[in-house]
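Just so it is clear, the structure is predicted and the values come from calculations on it, not from any experiment.
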Amino acid sequence: MLNQLLPLCDQEALLVSLSRLAGSDVTIHESRQDGMLCHALVHENDSMGYLCAHQDATGLDELTFLLNQLIASERRGLEASQKHESILSSYIQTLATKNKELAQSKSAHLALKSKFDKCLQAQAKTIQSVERKRYVADKLSSVGALAAGIAHEINNPVGFVSSNIHTATSYIDRLDQFITQSRIGETNDSLDPDIESIRYLIGDFRDLLEESIEGCHRVSRIVRNLKDFSNVDGEEVDFISLNKIIRNVCELFASNVPEEIELKQLLQPIPDAMLNPGMISQLCSQLLLNAIQAVKERPADRVGHIVIKTFIDGGAVCLRFADNGCGMSFEVQQRAFDPFFTTRAVGSGTGLGLSVCRDIAVAHGGDVVISSQIGRGTVVTVKIPV
């Protein structure tokens, strides 16, 4: 124990110093030495050894006291070191345990993150599927509103083209009969005296053809507008005129506008914007149908009107639908963009119109803003960055 407190190298230097102070050789032994002055080295009642010197040594008591103090100090330091070593060892062991737990936690976290990523991807696919179904549902709703009007729009030109063809067929028969009865080589003066009626027939035949061509153009225009409108699911975007899309939609839904409602288009010159024509067509058609429905519910003493306006606001092209219909309360405006929310009777609305409109605007980097008062009308403004 004494050697732990006072290593041999330290003892040698210490004994040299003590011998000088005592004036005689001083040594340290584990037991008493015969014929020598021996003083016990004690710490906390434990005998550590003996400080021994020749009989002529002086001050051995004081030296023993000092050495006992040194031993006590060294022992306290040793105990503190051992305690510190024990604490450090415990801390290292605790740290190793925590490090192991951290590694296990990290592994569990990575597994959980992988599972969460998979769930997130699945949820994203589900959301996309729901969004797609919403668009399809709203598209079908709009197509239902279009069906009767489009049938009427196409039936009219097809009807008079068919009538003109039947009339033209009778004209062809009359011309063939006239040519058959005419003699080859005779001058005009020798032909059938009913030549004026034949000339009238040819002129009327030309008018029938021109009218039929115009009817075919009308049908072709309707089909083209329907093609643009039906391209809701297309992802193709290009720099397109918003004014052109609005004109196509208004022409396509013209038969849905009652005669007592005035529809105005105030389309200012605006630059082309990067648009998906199918989606923007659906947005415009939905806002137009909403406006028509609102104006139908206006007070009876008020002339109904819908104004469609385009303009530039900063770096955005703007589309505004304003009507003097029944309007919306503040509470209804707060929920106007909620999917499947509707104030119409069951079966007369999907509650997806404005929700889809906002999604389309957001997909183009824009937004939709509503301002409305009950009994005064509604203004819906769509902003799309150029």
Side-chain angles (χ1 to χ4, degrees), residues 96-146 226-240 242 245 249 272-290 314-319 331-344 346-370 380-386:
T97 302
K98 289 185 177 180
N99 186 54
K100 183 178 179 180
E101 292 175 353
L102 183 62
Q104 294 175 347
S105 176
K106 182 178 180 181
S107 177
H109 172 73
L110 291 176
L112 184 62
K113 181 178 181 298
S114 176
K115 184 178 180 180
F116 175 76
D117 290 341
K118 291 180 181 179
C119 291
L120 191 62
Q121 293 175 0
Q123 189 67 20
K125 291 181 179 179
T126 301
I127 292 174
Q128 291 177 355
S129 176
V130 171
E131 289 291 329
R132 185 69 61 185
K133 291 178 180 178
R134 285 175 55 193
Y135 286 125
V136 171
D138 186 68
K139 177 182 172 182
L140 291 176
S141 176
S142 300
V143 169
L146 269 175
L226 278 173
K227 181 180 178 181
D228 291 339
F229 177 79
S230 64
N231 189 30
V232 175
D233 295 333
E235 297 182 356
E236 181 179 354
V237 295
D238 199 355
F239 281 102
I240 299 173
L242 180 60
I245 294 177
V249 169
D272 293 349
M274 187 65 73
L275 304 173
N276 180 308
M279 287 187 173
I280 297 300
S281 295
Q282 184 177 1
L283 181 148
C284 295
S285 63
Q286 188 59 59
L287 293 180
L288 178 59
L289 291 175
N290 284 357
V317 292
C318 298
L319 166 64
E331 291 75 14
V332 172
Q333 292 181 60
Q334 294 296 106
R335 300 191 58 191
F337 294 112
D338 292 351
F340 306 107
F341 173 76
T342 179
T343 57
R344 299 180 188 175
V346 176
S348 60
T350 63
L352 291 172
L354 287 176
S355 174
V356 171
C357 289
R358 183 184 59 180
D359 290 346
I360 292 174
V362 171
H364 286 78
D367 197 8
V368 180
V369 178
I370 296 178
V380 181
T381 303
V382 181
K383 287 187 176 183
I384 299 176
V386 176

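- Distance check, rounded to the nearest 0.5 Å: CG of Asn276 to CG of Leu283 gives 11.0 Å.
- One distance of note links CD1 of Ile360 with CG of Leu275; it measures 11.5 Å at 0.5 Å rounding.
- The closest side-chain heavy-atom distance from Cys357 to Val382 is not below 4.5 Å.
- Atom CG of residue Leu112 and atom NZ of residue Lys106 lie 15.0 Å apart, to the nearest 0.5 angstrom.
- Partners of Val369 according to the side chain to side chain contact (heavy atoms under 4.5 Å, CB included) rule, which considers only residues two or more places apart in sequence or in another chain, do not exist here.
- Taking the side chain as every heavy atom from C-beta outward, Ile280 and Ile240 never approach each other to under 4.5 Å.
- The salt bridge (Lys or Arg N to Asp or Glu O under 4.0 Å) check on Lys113 picks up Asp117, with sequence neighbours excluded.
- The CG atom of Asp359 sits 11.0 Å away from atom CG of Leu354, with the distance rounded to the nearest 0.5 Å.
- The two residues Ala273 and Pro385 make their nearest non-hydrogen contact at CB-O, 4.5 Å.
- Contact detail for Cys284 and Leu319: the closest heavy-atom pair is SG-CD2, 3.6 Å.
- Of the inter-residue distances, the one linking Leu110 atom CG with Lys115 atom NZ reads 15.0 Å to the nearest 0.5 angstrom.
- Smallest separation of non-hydrogen atoms from Ala336 and Ile370: CB-CD1, 3.9 Å.
- Side-chain atoms of Val356 and Gln286, non-hydrogen and from C-beta on, never get closer than 4.5 Å to each other.
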